Student: 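Supplied in structure tokens, the structure appears directly below.
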Amino acid sequence: MAEPQTSAALPLYLRVAAALRDDLTQRRIAPGARLPSERSLVHRFRVNRHTVRNALQLLRDERLVVTERRGTFAAATAPDASGPVLAPGLLRFPCGTGGPDAAAVTRLFWEPAPTGLAERLGLPPGEPSLVHRHQVPGTGGTPVQEAVSRFSRHALSEVPELARYRRPESWPARPDLRLLYHWMHRAGLRLTRRESIGVGHGPVATTCLTVHRVVSDQHGHVLEVTDIRFSPDAASWTYEFTG
């Protein structure tokens, strides 16, 4: 079984968790099925038992697995019924603290960054990178909120859950990146988030509230650049963040 392509510099338990998470989300381990024993996972990943236990704890935090006396099992139901589990102080990507947006449409693309943004994302001109588009439709089909996020080369190499999206052929129909800041935090990145809020014009409305977000790590590497537009009747923005 091929393992996800992740940075060799990542802690071992994060790499093990990323591989098992991929097995669970791609249904190679069916809902309710028992995971291989700790001893089997030690042998598969060539790590010690402590590393395996740390990886399983991360998956329990995400409600992807449950552990009983008989062993560890894949969650029998989807973990996002009440929203994803976040580390304290971290927001849901891309638009904040609200509950799951059942009506939101999310799509992934692999495309070059606009002129002037490529260098900031650590990309040579014309080189494509991962783009996430998020849209919340309103009455009559007119969107009340749109967000476009572009990820840097550094983000794709440092965050294993993002690295798996390097393979467009394996993208899910509805990608779920709500735990993005949790993933970054777990990968050892301490985030600085700068947001510029203004009023502009865009496809969601004649006049709209705009948010321009740049997320960087503790070394100053840009990880994500996001532009969000809200229609006037949905133009509220609550911000709380802990790196």
Side-chain angles (χ1 to χ4, degrees), residues 1-90 92-93 100 108 130 151 153-191 217-218 223 242-243:
M1 182 183 297
E3 306 299 352
Q5 300 173 8
T6 58
S7 168
L10 285 170
L12 285 173
Y13 76 98
L14 290 178
R15 293 160 60 192
V16 172
L20 291 174
R21 189 181 299 104
D22 202 55
D23 287 346
L24 291 161
T25 57
Q26 299 299 319
R27 302 298 179 96
R28 291 190 286 267
I29 299 176
R34 183 173 179 172
L35 271 67
S37 67
E38 287 185 0
R39 179 178 296 181
S40 298
L41 295 174
V42 164
H43 178 73
R44 171 184 170 185
F45 295 106
R46 300 179 184 178
V47 296
N48 60 40
R49 187 162 292 199
H50 182 68
T51 297
V52 167
R53 287 176 177 171
N54 283 341
L56 292 175
Q57 182 58 53
L58 289 181
L59 300 179
R60 281 192 289 272
D61 290 344
E62 295 178 15
R63 300 178 188 166
L64 289 173
V65 301
V66 293
T67 298
E68 305 171 356
R69 293 182 63 183
R70 297 179 297 125
T72 297
F73 296 80
T77 56
D80 62 351
S82 59
V85 178
L86 297 175
L90 297 183
R92 287 190 185 97
F93 171 86
L108 293 176
L130 185 67
F151 298 101
R153 173 184 282 184
H154 186 71
L156 290 171
S157 66
E158 293 299 316
V159 183
E161 294 85 355
L162 277 182
R164 66 192 177 114
Y165 290 114
R166 288 182 180 274
R167 306 188 297 271
E169 67 277 5
S170 66
W171 287 350
R174 185 181 176 183
D176 188 352
L177 271 64
R178 286 176 292 170
L179 284 170
L180 175 69
Y181 301 130
H182 187 56
W183 298 339
M184 289 179 173
H185 187 76
R186 276 198 325 224
L189 304 175
R190 297 298 174 262
L191 309 181
D217 69 8
Q218 65 268 40
L223 301 169
T242 302

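Nothing here was measured: the structure is a model prediction, and the numbers come from that model.
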Student: Which residues satisfy the side-chain contact (heavy atoms from CB on, under 4.5 Å) test with Pro172, sequence neighbours excluded?
Tutor: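 side-chain contact (heavy atoms from CB on, under 4.5 Å) check on Pro172 returns Tyr165, Pro175.
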
Student: Distance check, rounded to the nearest 0.5 Å: Leu35 atom CG versus Asp23 atom CG?
Tutor: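 Answer rounded to 0.5 Å: 8.0 Å.
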
Student: Identify the two heavy atoms, one from Val65 and one from Leu56, that lie closest to each other, and give their separation to 0.1 Å.
Tutor: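 In this case the closest contact between Val65 and Leu56 is CG2-O, 4.0 Å.
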
Student: Applying side-chain contact (heavy atoms from CB on, under 4.5 Å), can you list everything that pairs with Arg153, at least two apart in sequence or on another chain?
Tutor: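 side-chain contact (heavy atoms from CB on, under 4.5 Å) list for Arg153, sorted by chain: Leu123, Pro124, Glu127.
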
Student: Just to verify, what does His50 make a side-chain contact (heavy atoms from CB on, under 4.5 Å) with, not counting sequence neighbours?
Tutor: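 Residues passing side-chain contact (heavy atoms from CB on, under 4.5 Å) with His50: Asn48, Asn54.
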
Student: Using 0.5 Å steps for rounding, measure from the CD1 atom of Ile29 to the CG atom of Leu20.
Tutor: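 Ile29 CD1 to Leu20 CG: 6.0 Å, rounded to 0.5 Å.
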
Student: Arg70: what forms a salt bridge (Lys or Arg N to Asp or Glu O under 4.0 Å) with it, not counting sequence neighbours?
Tutor: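 Per chain and number, Arg70 pairs via salt bridge (Lys or Arg N to Asp or Glu O under 4.0 Å) with Glu68.
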
Student: Minimum heavy-atom separation for Ala17 and Ala55, please, with both atom names.
Tutor: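 It is N-CB, 3.7 Å.
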
Student: Does the pair Leu177 and Glu161 meet the rule for a side-chain contact (heavy atoms from CB on, under 4.5 Å), with working shown?
Tutor: CA-CA 9 Å; Leu177 271 64; Glu161 294 85 355; over 6 Å; no

Student: Could you state the interatomic distance from OG1 (Thr67) to CZ (Arg60), rounded to the nearest 0.5 Å?
Tutor: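 If I round to the nearest 0.5 Å, the distance is 3.5 Å.
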
Student: Taking all non-hydrogen atoms of both residues, which atom of Arg166 and which atom of Pro168 are closest, and how far apart?
Tutor: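 Result for this residue pair: O-CD, 3.0 Å.
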
Student: Taking all non-hydrogen atoms of both residues into account, name the closest pair between Asp176 and Trp183 and its distance.
Tutor: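 For Asp176 versus Trp183, the nearest heavy atoms are O-CH2, 3.7 Å.
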
Student: Distance check, rounded to the nearest 0.5 Å: Leu24 atom CG versus Gln26 atom CD?
Tutor: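 Interatomic distance, Leu24 CG to Gln26 CD, rounded to 0.5 Å: 10.0 Å.
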
Student: Can you measure from NE2 (His185) to CG (Leu191) and round to the nearest 0.5 angstrom?
Tutor: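 The NE2 atom of His185 sits 8.5 Å away from the CG atom of Leu191.
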
Student: Atom OG in Ser37, atom CZ in Arg49: separation rounded to 0.5 Å?
Tutor: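 Here the rounded value is 7.5 Å.
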
Student: Residues two or more places apart in sequence or in another chain: which of them pass side-chain contact (heavy atoms from CB on, under 4.5 Å) with Val47?
Tutor: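 With sequence neighbours excluded, Val47 shows a side-chain contact (heavy atoms from CB on, under 4.5 Å) to Leu12, Val16, Phe45, Thr51, Val52, given in chain and number order.
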
Student: Indicate the atoms forming the closest heavy-atom contact of Ala18 with Pro160, along with that distance.
Tutor: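 Closest approach of Ala18 to Pro160: CB-CB, 3.6 Å.
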
Student: For the residue pair Gln218 and Leu189, establish whether any side-chain heavy-atom pair is separated by less than 4.5 Å.
Tutor: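 The answer is yes; the side chains approach within 4.5 Å.
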
Student: Could you work out, with salt bridge (Lys or Arg N to Asp or Glu O under 4.0 Å) as the rule, every residue matching Arg34, not counting sequence neighbours?
Tutor: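 In terms of salt bridge (Lys or Arg N to Asp or Glu O under 4.0 Å), with neighbours along the sequence ignored, Arg34 is linked to no residue.
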
Student: Where does the angle between the aromatic ring planes of Tyr181 and Phe93 fall among parallel (under 30°), tilted (30 to 60°) and perpendicular (over 60°)?
Tutor: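 Correct class here is perpendicular.
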
Student: Given side-chain contact (heavy atoms from CB on, under 4.5 Å), test Leu58 with Leu64 step by step and report yes or no.
Tutor: CA-CA 9 Å; Leu58 289 181; Leu64 289 173; over 6 Å; no

